[in-house]
Number of protein chains: 2
Amino acid sequence: MSPQKPKVAGIIAIGNEILSGKVTDLNATHLIQQFRELGVEAKRVAIIPDEIPVIRDQVREFSASFDIVITTGGVGPTHDDVTIEAIAAAFNRPIVPSPELEAVIREYFKDDFKDAWLRMARIPEGTELVWRDGMPFPITKLENVWILPGEPSVMRKKFAAIREDFRQTPIHVRRLFTTWEEGDLAELLEKLEAETGVAIGSYPTYEDRDYKVMITLESRDAKILESATRRLRCSIPRELLVRED
Amino acid sequence: MSPQKPKVAGIIAIGNEILSGKVTDLNATHLIQQFRELGVEAKRVAIIPDEIPVIRDQVREFSASFDIVITTGGVGPTHDDVTIEAIAAAFNRPIVPSPELEAVIREYFKDDFKDAWLRMARIPEGTELVWRDGMPFPITKLENVWILPGEPSVMRKKFAAIREDFRQTPIHVRRLFTTWEEGDLAELLEKLEAETGVAIGSYPTYEDRDYKVMITLESRDAKILESATRRLRCSIPRELLVRED
């Protein structure tokens with residue numbers, strides 16, 4: 001059985017508030033972790049302002065480059081919410097009112113309904129409304145782009161409702177912590193990666209820790225990973241290997 | 001006196017370890033905050049993998065788009081450190097050994113010196129070595145791109161040594177917290193932004209807080225900001241204004 005090429009993802013966090021430091025990004029960080037758990041490689045993250053041309057170009061590029069694209073932010077009812085307009089431009093679609101969304105919004109707000117909320121019922125032509133159990137609103141998707149809100153608690157709920165759609169073969173990781181200097185490891189790690197095909201990372205720390213370098217090994221093939229880890233373990237002098245997990 | 005156009009910045013955090021969730025990004029977050037304090041608008045953040053073509057293209061794009069570009073990560077001695085090669089490619093420069101850097105590295109490591117460290121003495125032709133008091137190593141800069149390491153404690157020290165070079169007229173911020181719904185605010189905020197030129201953001205929360213929407217007003221002109229804030233304050237029913245800062 002020849003395995004399918006695993007899917008890769010791109011994350012676009014939209015919002016002046018992140019770039020101006022008023023709000024710390026939580027969404028991209030959460031999505032990175034989620035994709036990891038799902039075996040999906042996140043290939044790129046972009047944090048961009050609420051500006052139509054920037055969002056349009058980034059969405060177009062990410063949509064062409066990655067299997068799955070998530071945008072967060074810019075979908076509310078106020079003047080700084082321009083994500084929908086930008087995504088429509090990215091795919092050359094007109095923006096049309098969705099009677100289905102309008103009905104949901106009217107039902108949700110009931111007596112508190114204001115016309116301003118109807119801005120959220122206008123979507124690019126061809127946008128899918130993905131309904132999931134327990135969600136009062138559908139999740140919107142155009143082509144391979146999932147359009148999520150920026151408010152972290154709602155974003156997480158919406159992503160949780162669709163995450164299983166993305167699951168791939170898991171990526172296994174092993175980590176070795178050593179007091180060896182990175183310079184002493186360089187040749188060894190390069191050779192090991194070239195010969196085993198396992199992805200190897202090397203991360204020094206200069207803070208006061210019990211190790212100097214964390215080495216990571218990653219593969220979707222658990223056997224190959226174990227064999228590469230064994231080889232590395234045997235190449236590091238015992239007294240310099242602090243621990244592994 | 002006609003004020004100069006304030007400088008804008010782009011941040012490129014390079015490292016598979018961030019995208020795979022093994023390490024949470026600290027560098028981009030820190031730099032966003034630092035730029036804010038310095039009155040520099042951060043226009044975009046990219047988190048990208050240790051892949052030469054991706055780094056090359058991103059550096060080229062950011063260098064052409066922003067006054068100041070910071071890269072973090074990928075400058076160590078191991079096989080996964082490819083930032084220097086990618087930045088050289090972005091500016092079509094050959095990579096050359098720097099006798100000045102080699103001397104510093106040999107002096108720093110002394111008896112622990114290994115040839116692998118010399119990888120860090122190879123830089124794109126024309127790279128400036130920026131020396132600052134108290135720093136054992138210079139900071140490297142090519143065109144408008146400052147090349148910083150990914151290890152957070154060293155990155156912070158290096159940025160601290162150069163940050164005053166970037167200082168601009170400060171950006172002032174006021175924040176109002178209200179229990180009004182975002183839909184009720186939409187028209188008011190749009191009008192206020194259009195008429196005052198003050199940048200206005202509107203951020204709902206659906207977590208259990210004492211407010212529903214945080215409104216931010218920002219300007220480099222303190223007087224205009226105060227006047228717009230006063231106008232907004234008077235437009236919000238008193239019982240719906242929770243607090244401001």
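Since the model is a prediction, treat every value here as computed from it, not as a measurement. Naming convention: chains lettered A, B, ... in sequence-line order (proteins, then strands); numbering from 1 in each chain. For the numbers below, each heavy atom of this structure counts, side chains included, while hydrogens, waters and symmetry mates do not.
In terms of non-hydrogen atom pairs under 4.5 Å with chain B, the most contact-rich of A:G21, A:A186, A:P77 is A:P77. The greatest number of non-hydrogen atom pairs below 4.5 Å with chain B, out of A:V154, A:I200, A:L189, A:L185, is found for A:I200. The choice from A:K43, A:Q33, A:Q58 that makes the most heavy-atom pairs within less than 4.5 Å of chain B is A:K43.
When heavy atoms are compared at a cutoff of 4.5 Å, B:S153 approaches chain A by way of both its backbone and its side chain. Heavy atoms of B:R44 lying under 4.5 Å from chain A belong to its backbone as well as its side chain. For B:T24, the part lying under 4.5 angstrom from a heavy atom of chain A is the side chain only. Only the side chain of B:Y203 comes within contact range of chain A, with heavy atoms under 4.5 Å apart. Contacts of B:T29 with chain A are made by side-chain atoms alone, with heavy-atom separations under 4.5 Å and no backbone atom involved. Neither the backbone nor the side chain of B:E187 has a heavy atom closer than 4.5 Å to any heavy atom of chain A. Using a 4.5 Å cut-off between heavy atoms, B:D25 does not touch chain A at all. With a 4.5 Å cut-off on non-hydrogen atoms, A:E51 touches chain B through its side chain but not through its backbone.
Atom NZ of B:K22 and atom CD1 of A:I32 lie 11.5 Å apart (nearest 0.5 Å).
Applying the ring-ring contact (aromatic ring centres under 6.0 Å, His included) test to every pair with at least one member in residues 180-201 of chain A, sequence neighbours left out, gives no pairs at all.
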Exercise for review: Begin with the C-alpha distance, continue with both residues' side-chain angles, and end with the deciding distance and a verdict on side chain to side chain contact (heavy atoms under 4.5 Å, CB included) for B:E181 and A:W117.
Suggested key: CA-CA 10 Å; B:E181 291 283 354; A:W117 293 113; 3.9 Å; yes
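With B:E17 contributing its side chain and A:G201 its backbone, the two residues share no donor-acceptor pair below 3.5 Å.
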